Undergrad: 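To start, I am sharing the structure in question, which I have written as structure tokens.
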Amino acid sequence: MSLSFITLETKENFSQDLIIQKPPSGISLQGVIQIPGDKSISHRALILGSIAYGETEIQGLLLGEDPYSTASCFQAMGAKISELNTISVRIKGIGLGNLREPVDVLNAGNSGTTLRLILGLLASHSDKFFTVTGDTSLRARPMSRVIQPLQQMGAEIWGRGENSLAPLAVRGKSLTSICYHSPIASAQVKSCILLASLMTEGKTIVTEPALSRDHSERMLKAFGAELTVDPEARSVTLNGRTRLYGQKVIVPGDISSAAFWLVAGSIVPGSDILIKNVGVNPTRTGVLEALEMMEAKITRENEREVGEEPVADLRVFHSHLKGCVIAGDMIPRLIDEIPVLAVAAVFAKGKTVIKDAYELRVKESDRIMVMVKELKQMGAKITELDDGMEITGGIPLRGADLDSYTDHRITMSLAVAALNAKGRTTIHRAEATNISYPDFVSTLQQVVIQ
Ligand code: S3P
């Protein structure tokens, strides 16, 4: 059902305004939601399927702009990928080391995962030349975090900002294995080095200061890589010169997309939402722990393993949230959910402190600056910290004229805030949701009950 108080207006320049005006009679959120496929797992399935021998079948792929960027890069390098849909995507892999030199610049669009992960592969493809770029946001994001370790392996990469910003040029080489202690807990850094080491003689070891998402490790193992994980040492070892073989991958729903409903259901009175088929890999469930600390009412049902990943249905009821501290080792396990957790904090009783999250400043937008600025416009009491934010909850929000900064997670977080604000909220450049959740607005229209 399309509701007149939630509308998406397309403007002449094709940018979209999301307008939300809660009716005076109030709303609640009710129903059963199927969320789109996990973005991180979708990228990895497309990448490994492309470089494996034989056929890979992917079910439940995220049909968002980010995975499209990954698919188009690999198509340009010779992988045969069928039309993308959620039922079944088939890839005829070209085999490790066989990426074709593309005739044009590869375009990673808005996707940091695409750019950082493929750099490891491009750098290790001997004697081939690649150029790769992205949109305005991606061209401003730091790439030295992957370029430096790749250079230690012998890679040749050039770019702006002393070889740290896209567009980047890569001359592929035979690389040497390394033991790399990453200064940041980043799955993109870890995965880039692991992909680079696939064709490298000997053992490559990556350690990280806190555990980041481990989808690459799980999927590489399933595709046949010789890989061992030591969770206590937070290290992964990959034995190079390996072969990968095509697999069937079932992509679970994305907990980062479920997070919008978990928070919306928690803050809007009378809500009761069942979110089906959510990936609950422990390296991703920080958002559930944070909401539990805030005394949210969320239950896990029907817990099961689907392929390499744990999955559950999540049910959320309205509750009276309390402030909490979100910091330390849990940050990498909820990094993408911090914008919407800030919204939860605005409606929670007392103070919430989010710290140790400097990484948020180098995402699709500076998510600390943007969330503080936009929530302040709605009347929230929120202060910017260098590595996070401090929020005093319980102050009613008012509708406002807001901007997404073309960041998908900012758009959806602000939409959740608008559900509980008085008056009209307009979020400009709301088409950003297409990156990870193209059906977000239509799902919102379905679950909101007047
Ligand atoms: C991702 C890792 C995280 C996350 C991003 C997706 C991945 O980034 O924020 O949305 O798929 O590996 P970092 O590795 O930079 O922390």
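Since we're looking at a predicted model, the values are computed, not measured. One-based numbering, in listed order, for ligands and for the atoms of each.
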Undergrad: Starting from atom 12 (O) of ligand 1, which protein heavy atom do you reach first, and at what distance in Å?
TA: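 So the nearest neighbour among protein heavy atoms is R44 NH2, 2.6 Å.
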
Undergrad: What atoms of ligand 1 come within less than 4.0 Å of a heavy atom belonging to D336?
TA: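 By the 4.0 Å cutoff, the relevant atoms are 4 (C), 5 (C), 9 (O), 10 (O).
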
Undergrad: Does H43 approach ligand 1 within less than 4.0 angstrom via side chain, backbone, both or neither, non-hydrogen atoms only?
TA: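 The answer is neither; H43 stays 4.0 Å or more away.
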
Undergrad: Going by distance only, is there an N or O of S186 that falls short of 3.5 Å from an N or O of ligand 1?
TA: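 There is such a contact, yes.
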
Undergrad: Answer yes or no: does atom NZ of K128 have more than 12 heavy-atom neighbours from other residues, nucleotides or ligands under 6.0 Å?
TA: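 Yes.
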
Undergrad: So, R139 side chain and G134 main chain: donor-acceptor pair closer than 3.5 Å or not?
TA: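 The answer is yes, because a donor-acceptor pair under 3.5 Å joins these two groups.
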
Undergrad: I'd like to check whether Q188 has a polar contact with ligand 1, where a contact means an N/O of the residue lying under 3.5 Å from an N/O of the ligand.
TA: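 Yes - when backbone and side-chain N and O of Q188 are compared with those of ligand 1, one distance drops under 3.5 Å.
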
Undergrad: Hey, can you tell me if Y53 and Y245 have their rings parallel, tilted or perpendicular (30° and 60° cut-offs)?
TA: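 It falls in the tilted class, 30° to 60°.
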
Undergrad: Judging by distance only, is a nitrogen or oxygen of S40 under 3.5 angstrom from one on ligand 1?
TA: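 Such a contact does occur with ligand 1.
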
Undergrad: Apply salt bridge (charged side-chain N to carboxylate O under 4.0 Å, His left out) to D336 and K39, showing your working.
TA: CA-CA 11 Å; D336 292 340; K39 183 157 79 64; 5.7 Å; no

Undergrad: Under 4.0 Å from any heavy atom of K363, which atoms of ligand 1 are there?
TA: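 Counting atoms of ligand 1 from 1, those under 4.0 Å from K363 are 3 (C), 4 (C), 8 (O), 9 (O), 13 (P), 15 (O), 16 (O).
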
Undergrad: Can you find an N/O atom of I335 closer than 3.5 Å to an N/O atom of ligand 1?
TA: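 Between I335 and ligand 1, no N or O pair is found under 3.5 Å apart.
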
Undergrad: Where does R213 meet ligand 1, judged by heavy-atom distances below 4.0 Å: at the side chain, the backbone, both, or neither?
TA: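 For R213, the contact with ligand 1 is made by the side chain alone.
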
Undergrad: What side-chain hydrogen bond (donor to acceptor under 3.5 Å, both in side chains) pairs are there with at least one residue in residues 164-184, not counting sequence neighbours?
TA: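 The answer is H181-T207.
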
